[in-house]
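A quick write-up on the structure given underneath.
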Amino acid sequence: VLRVIQCSLGNVGTLNLPILLDRRDLELVGVWCHSPEKAGTDVGELMGRDAVGVRVTGDFDEVVALDADCVLYHSRILGRQDDALAQIARLLRSGKNVVVPWISALQWPEYGRVVDARAVKVVEAACRDGASSLLMTGTDPGFFSDMLPAVLTGVCDRVDSLRVQEVLDYSSFDDERLTAPDFFCFGQPLDHDEPNFVDEVTIVQGWGATPALVAAAVGVEVVSVEHFERRAPAVERVPLGRAGTVEPGTIAARWFGIACTTTGPTITWEHVTHVSPASVPAGWPVRRPLADGYAVRIEGSPTIDLRCDVTEHGNPFWGAYLVTATRCTNALHAVAAAAPGIVTILDLPLGSLTRRAG
Ligand SMILES: NC(=O)c1ccc[n+]([C@@H]2O[C@H](COP(=O)([O-])OP(=O)(O)OC[C@H]3O[C@@H](n4cnc5c(N)ncnc54)[C@H](OP(=O)(O)O)[C@@H]3O)[C@@H](O)[C@H]2O)c1
């Protein structure tokens, strides 16, 4: 049984907490939260269940001092990466293994050393000091965009191109950041050009490790990386809860990604992210009728088209968040058993990443 600490109870952490409480092969020994109002509450009671004897702490020193094997770091990292890295490094130095669903450089350190050398250096040093391991589980949210396409090439004789895609409707994500000018920019003018979550710098640095990892998995080298981005206007008024309203004519859909030229197949990683299905233009490369989910298309011999609908209680958005949580939790045993350092999915046996009974 692994002793596990949960960092943060946001979208991902809150979905993960009942999973941790119900697993017999994992024991929840601590929960850290940034928000002061959650501190002091028993985590069972926080979930509307009986008390379990583990209280949320707002004191990070307390979780660093805990005797635990692993930490799920589900805290916000965007906008505070240096602070998050410092926290992650403290956990690793204290001998705890860490699984985290963000910081692209850590997903494939070879690429990370080029685009974000500091993140890789900080984590490698902390792993060395603490004889501990870290896994960054990937984007989309790991699995659909890296392991799945790599595994599918195993039945191909020839691969000419490989395309991975996430299509997701964010309209049920009740978060005020949705219309912010530095996030997906929904509701902003079509010619909005401030730095944002899907601009070239952020995409290449923040998401580019995924196609680089796929390239390594299929044994080819990345020659060049090209960012692309298209946006489409709302064709109707879209209410977005706390984020306000997206007015007709302003941004309601974005298609963005990276096309990698390699020494072998072209590898394309792309997202169609929107708040209004009706606003996704007919020319964009999505299945019709528009459906959220993940897709892998391999052109070659044979050509393979795989589409995955992932929902939780019928909602694809919450399905995506849930698999972000489960991907991390199901990897804990593999990461705890791995040699110290940054581990990638290519270091871990396939069978070690499945959901095991327990
Ligand atoms: N790989 C993927 O495809 C994928 C998909 C979804 C999410 N993610 C990543 O998974 C993580 C969790 O996602 P999420 O949607 O749950 O994130 P979120 O809602 O943005 O934030 C999670 C939690 O972080 C804590 N937090 C907020 N500000 C903080 C600060 N300044 N310092 C420390 N903690 C702070 C808050 O929780 P507490 O008050 O409870 O601490 C918040 O609820 C994020 O890093 C996100 O980028 C990855």
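On a predicted model such as this, the values are computed, not experimentally measured, just so you know. One-based numbering, in listed order, for ligands and for the atoms of each. What you see below is based on every heavy atom in this structure, not just the backbone, and it leaves out hydrogens, waters and symmetry mates.
Across Pro101, Ser75, Gly58, Ala39, heavy-atom proximity to atom 44 (C) of ligand 1 is greatest for Ser75.
When only interatomic distances are considered, the shortest N/O to N/O separation between Leu9 and ligand 1 falls below 3.5 Å. Of the N or O atoms in Gly138, one or more lie within a sub-3.5 Å distance of an N or O in ligand 1. In terms of polar-atom proximity, defined here as any N/O pair under 3.5 Å, Ser8 does make such a contact with ligand 1. Backbone and side-chain nitrogen or oxygen atoms of His74 are examined, and none is located within less than 3.5 angstrom of a nitrogen or oxygen of ligand 1. Polar contact with ligand 1: present for His34 (N/O pair, distance under 3.5 Å). Checked against a 3.5 angstrom limit, the closest N/O atoms of Thr139 and ligand 1 fall outside it. Where the criterion is an N or O separation shorter than 3.5 Å, residue side chain and backbone included, Gln87 fails it with respect to ligand 1.
The side chain to side chain contact (heavy atoms under 4.5 Å, CB included) test with Leu17 is passed by exactly one of Val12, Asp22, Leu9: Leu9. With Gln107 as reference, Asp146 is the one residue of Leu135, Ile342, Val100, Asp146 to meet the side chain to side chain contact (heavy atoms under 4.5 Å, CB included) rule.
Below 4.0 Å from some heavy atom of Lys38 lie the following atoms of ligand 1, by number and element: 37 (O), 38 (P), 39 (O), 40 (O). Residue-ligand proximity, Ile77 to ligand 1, at heavy-atom distances under 4.0 Å covers atoms 45 (O). Every atom of ligand 1 with a heavy atom of Pro141 under 4.0 Å away is listed here by number and element: 1 (N), 2 (C), 3 (O).
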>> Set out, in order, the CA-CA distance, both residues' side-chain angles and the distance that settles side chain to side chain contact (heavy atoms under 4.5 Å, CB included) for His74 and Asn16, then state yes or no.
In response: CA-CA 9 Å; His74 289 157; Asn16 200 51; 3.9 Å; yes

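Ion pairing of Arg158 with Glu299 is absent here, as no side-chain N (NZ or NE/NH1/NH2) approaches a carboxylate O to less than 4.0 Å. Under 4.0 Å is where a charged nitrogen must lie from a carboxylate oxygen, and between Arg287 and Asp309 at least one such pair does. No salt bridge links Arg80 with Asp82; every basic N to acidic carboxylate O contact stays at or beyond 4.0 Å. We find that Asp69 and Arg3 are joined by a salt bridge, their nearest charged nitrogen and carboxylate oxygen being less than 4.0 Å apart. Remark: Arg242 does not engage Asp175 in a salt bridge, criterion side-chain N to carboxylate O under 4.0 Å.
Nearest to atom 20 (O) of ligand 1 among the protein's heavy atoms is Arg76 NE, 2.8 Å. The nearest heavy-atom contact from the protein to atom 13 (O) of ligand 1 is Val12 CG2, 3.4 Å. Protein heavy atom nearest atom 4 (C) of ligand 1, with residue, atom name and distance: Thr324 CG2, 3.8 Å. Counting only heavy atoms of the protein, atom 33 (C) of ligand 1 lies nearest to Arg80 CZ, 3.3 Å. Nearest protein neighbour of atom 14 (P) of ligand 1, counting heavy atoms only, is Asn11 ND2, 3.8 Å. Atom 39 (O) of ligand 1 has Ser35 OG, 2.3 Å as its closest protein atom, hydrogens excluded (heavy atom only). The shortest contact between atom 43 (O) of ligand 1 and any protein heavy atom is with Gly10 CA, 3.1 Å.
The main-chain N or O of Gly142 is never found under 3.5 Å from a side-chain atom of Asp140 such that the two would form a donor-acceptor pair. In this structure a side-chain-to-backbone donor-acceptor pair under 3.5 Å is present from Asp292 to Asp169.
Per-atom contact check: atom 46 (C) of ligand 1 does not touch the protein, criterion being a heavy-atom distance below 4.0 Å.
Phe173 and Phe183 have tilted rings, their planes meeting at an angle from 30° to 60° on a 0 to 90° scale. Using bins of under 30°, 30° to 60° and over 60° for the plane-to-plane angle, the ring pair Phe256/Trp207 lands in the perpendicular bin.
Contact annotation: for Asp140 versus ligand 1, heavy atoms closer than 4.0 Å belong to the backbone alone. Under 4.0 Å from ligand 1, the heavy atoms of Arg177 that appear belong solely to its side chain.
Residue contact check for ligand 1: Trp32 places a non-hydrogen atom closer than 4.0 Å to it.
In this structure, Asp182 and Glu194 have side chains that are not in contact, with every pair of non-hydrogen atoms separated by 4.5 Å or more.
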